[in-house]
Amino acid sequence: MLKIIAAVIGRDLKLALRRQADIVSALFFFIIVVSLFPLGVGPEPDLLRKLAPGVLWVAALLATMLSLPRLFADDHRDGTLEQLALAPHPLGLAVTGKVFAHWLVSGLPLALLAPVLGLQFDLPTDALLVLTGSLLLGTPALSGIGAIGAALTLGLRGGGILLSLLVLPLYIPVLIFGAGAVDATVAGLGGEGHLSLLAALTFAALGFAPWASAAALKIALE
Amino acid sequence: MKDRFNLYRFASPATFYPLAGRMIPWFAAFAALFGLAGLYLGMLVAPTDFQQGEGYRIIFIHVPASWMSMFIYLVMAFWAAIGLAFNTRLSGMMAQALAPTGALMAFLSLWTGALWGKPMWGAWWVWDARLTSELILLFLYIGYMALVAAIDDPRRADKAGGLLLLVGVVNIPIIYFSVQWWNTLHQGSSVNLTKSSMAVTMLWGMLLMAFCFWSYAIAVALARVRSILLERERHTDWVKAELLGVGDGERA
Amino acid sequence: MIYWNSFGDFIAMGGYGFYVWGSFGLTVAIMAIEPVLVGRRLKNTQARLKRQLRAESRKETA
Amino acid sequence: MLAAEQLACVRGERRLFANVGFRLDGGELLYLQGRNGAGKTSLLRMLIGLLPPEAGQILWRGQDIHEQIDEYRAELCYLGHHNAIKEELTPLENLLLSARLADETLSEDDALDALEQVGLAGREDLACKYLSQGQKRRVALARLVKERRALWVLDEPFVALDVAAVAWLAGIISGHLQRGGLAVMTTHQPVDIPAGTVRELRLG
């Protein structure tokens, strides 16, 4: 069971590394969107500190969305998705691998980059730590839920826009608890409650999403 | 064994199409009846609310619309589950026929909520937990309709749409809970609705209106499912017989 | 039995007329338009399919 | 071993075929023929269990394939008209990966040997995007060299191959049949397979 997950992760990471432009452009998108906000709302540190959690989290959400349409599309086009579906083990395991690999190349870099961008918004150190922690905890759920949307819209016209329409409403709880954790830390209330709820969401999403995605992929492959 | 047989008979499109046709006038009549009775009680008989004045009368459509918007989504998810589990043709069509009405109900709930909120809270829109959840529910409806419309093959559309509905219905409690939590953290308890003890006439007015919306939704959805049925099954013998039969009736 | 003293009071809704009638107006409009649209769609579908059917049967007999 | 009974297929709203059935035993090959759009590929997708049939059933060793899907797929090898290779990876990596993902053991020596057989010696370490169409097809076909699964389902395997490669592939399929394997394939140009019983099924 772990063997197949590891094999898929290994394959997707190898492919992502041979096509670094995708990872880098999603990261740049994140950086640019976050940096645009101070230009839009003005440089007052108080206002920026208040906006920072929401801005960083929304930008992370959008940056994740960018890479989702290709999660299954490439494999679908060249026929490897069929081969994965025909392997003698449940497709959900392979999808679990793909979700992890997607997180490793999209969510993880975002989380590692976020504290640097948080400095632009004058966030205190403890808030920066919580920001990184909340992104580390929450982005796997984004990859998981996103995989469902990517599988449902596989091969459809205008799939990218449709994908955001389907997935963004489902991202709301992650956004609320993720940004809420940072917010609470800035306000001096402590973000532990938010973080544990975020962890619960991520576990639920990672348990449930690959199987829902696998079901959607089977529908798309019919 | 006999029950099983009957169930299958009603689930078959050929039986369901004329059955739906016969049921529509009844539900339309119920809707009109309940609506008139509800409006009479709610608008003419019920006394004013001592805290909210006459503005509270929006409740007679706001609450039924909100109930229906949630209820219809649950019914759609129920059909989706049936369709995915038993591979019945009718289920997906039922879900699709309900979706536009459910979306309209969600929209009406938001619209009347805004018109209620302005005089009560002084703002057209507040990020109250209920309004926010309702807005997200509207997004879910729109997402479902967009997905189904984007898929050409009707069977794939049914299955993918059904899967999305199930994912949505699992998420709705999570979304509602998170929005409520977020709301209490940010707003305190400043915008809670006044909970006045409701007069009996008000309660009856609201229930009657809820029945009206309920019958209305069933009638509209049945009419819509009839068009979808004809469209989908246009190559089958029963549709041909049905259409030619209708033609004969008109000529006679 | 009836709560209102005059028709004018009923319309004014104690100063909330705009909000109350705005809500009821749109609801009534939607509930009037939606069934008409759905009914027309059903009629159109029936008529179109019947036309197609006739064209097919003519082709078969010819 | 493989039997199909009363299969029917509906795509969109078109009924492609109905009442299709056949039996296939060890050492036998089924040629699937028919004009474009007759449902050849759809039938193949039913046989590999991706497309649920509208009516009828498919039996493997006497049992419905959907009741034993993982066991069935452990005995199944499918080659679609997509090559199922990754352009960014080399032929060697592709071969090793597809074996790993299909839960098979394939040593690097075996893989190199297979690539040599399909005439890709010296190109093992070149990313597949630099290969020609025919060469990419050969990478996909190299899977068959060490493939010991009982049932091969091949969708247009001879497309984009030159004469020598066609002969080579026919030999590979013969070897498979001689070992008692089964094969189902679609093709526009019937190729002589030297060994095994050949059955034909015409759709449409």
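Just so we're clear, the structure is a prediction, and the values are computed from it rather than from any experiment. Chain letters run A, B, ... following the sequence lines, proteins first and then strands; every chain starts at 1.
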Which region of D:Ile69, side chain (C-beta onward) or backbone (N, CA, C, O), has a non-hydrogen atom less than 4.5 Å from a non-hydrogen atom of chain A, or is it both or neither?
-> neither
If you count the non-hydrogen atoms of other residues, nucleotides and ligands that lie under 6.0 Å from CZ in A:Arg19, is the total more than 12?
-> yes
Rounded to the nearest 0.5 Å, what separation is found between the CD atom of D:Glu88 and the CG atom of A:Leu17?
-> 11.5 Å
Report yes or no: does A:Gln83 contribute a side-chain atom to a donor-acceptor pair with the main-chain N or O of D:Tyr78 at less than 3.5 Å?
-> yes
Proximity breakdown for A:Leu84 and chain D, heavy-atom pairs closer than 4.5 Å | side chain
Could you have a look at D:Ser42, D:Pro52, D:Gly49 and say which one has the most heavy-atom pairs with chain A under 4.5 angstrom?
-> D:Pro52
Counting only heavy atoms not in A:Phe100, do more than 12 sit closer than 6.0 Å to its CZ atom?
-> no
May I ask you to check whether over 12 heavy atoms, not counting those of D:Arg15, lie within 6.0 Å of atom CZ?
-> no
Taking all atoms of both residues into account, what is the closest heavy-atom pair of A:Lys3 and D:Asp103, and its distance?
-> NZ-OD1, 3.6 Å
What distance separates D:Arg45 CZ from A:Glu222 CD, expressed to the nearest 0.5 Å?
-> 9.5 Å
Does the A:His89 side chain pair with the main chain of D:Leu101, one donor and one acceptor, at a distance under 3.5 Å?
-> yes
Is atom CZ of D:Arg23 surrounded by more than 12 heavy atoms (other residues, nucleotides or ligands) closer than 6.0 Å?
-> no
Between A:Asp75 and D:Lys86, is the closest basic N to carboxylate O distance under 4.0 Å?
-> yes
Show your reasoning for whether side-chain contact (heavy atoms from CB on, under 4.5 Å) applies to D:Leu89 and A:Leu15.
-> CA-CA 7 Å; D:Leu89 302 182; A:Leu15 285 171; 3.9 Å; yes
Check: D:Arg73 side chain, A:Ala87 main-chain N or O, donor-acceptor pair, under 3.5 Å = no
Is a salt bridge present between D:Glu93 and A:Lys14, judged by a nitrogen-to-oxygen distance below 4.0 Å?
-> yes
Considering all heavy atoms, the nearest D:Ala102-A:Pro88 contact = O-CD, 3.5 Å
Counting only N and O atoms by type, is there a donor-acceptor contact under 3.5 Å from the side chain of D:His82 to the main-chain atoms of A:Thr80?
-> no
Do other residues, nucleotides or ligands put more than 12 heavy atoms under 6.0 Å from the CG atom of D:Leu126?
-> yes
Which bit of D:Leu97 comes within less than 4.5 Å of chain A, counting heavy atoms only: side chain, backbone, both or neither?
-> side chain
Residues, nucleotides or ligands: over 12 heavy atoms within 6.0 Å of D:Arg148 CZ = yes
A:Arg77 versus chain D, the contacting section by heavy-atom distance below 4.5 Å | backbone
Heavy atoms of A:Leu86 and D:Ile48 approach each other most closely as CD2-O, 3.5 Å
Between the CG atom in D:Leu50 and the CG atom in A:Leu81, the distance rounded to the nearest 0.5 Å is 9.0 Å
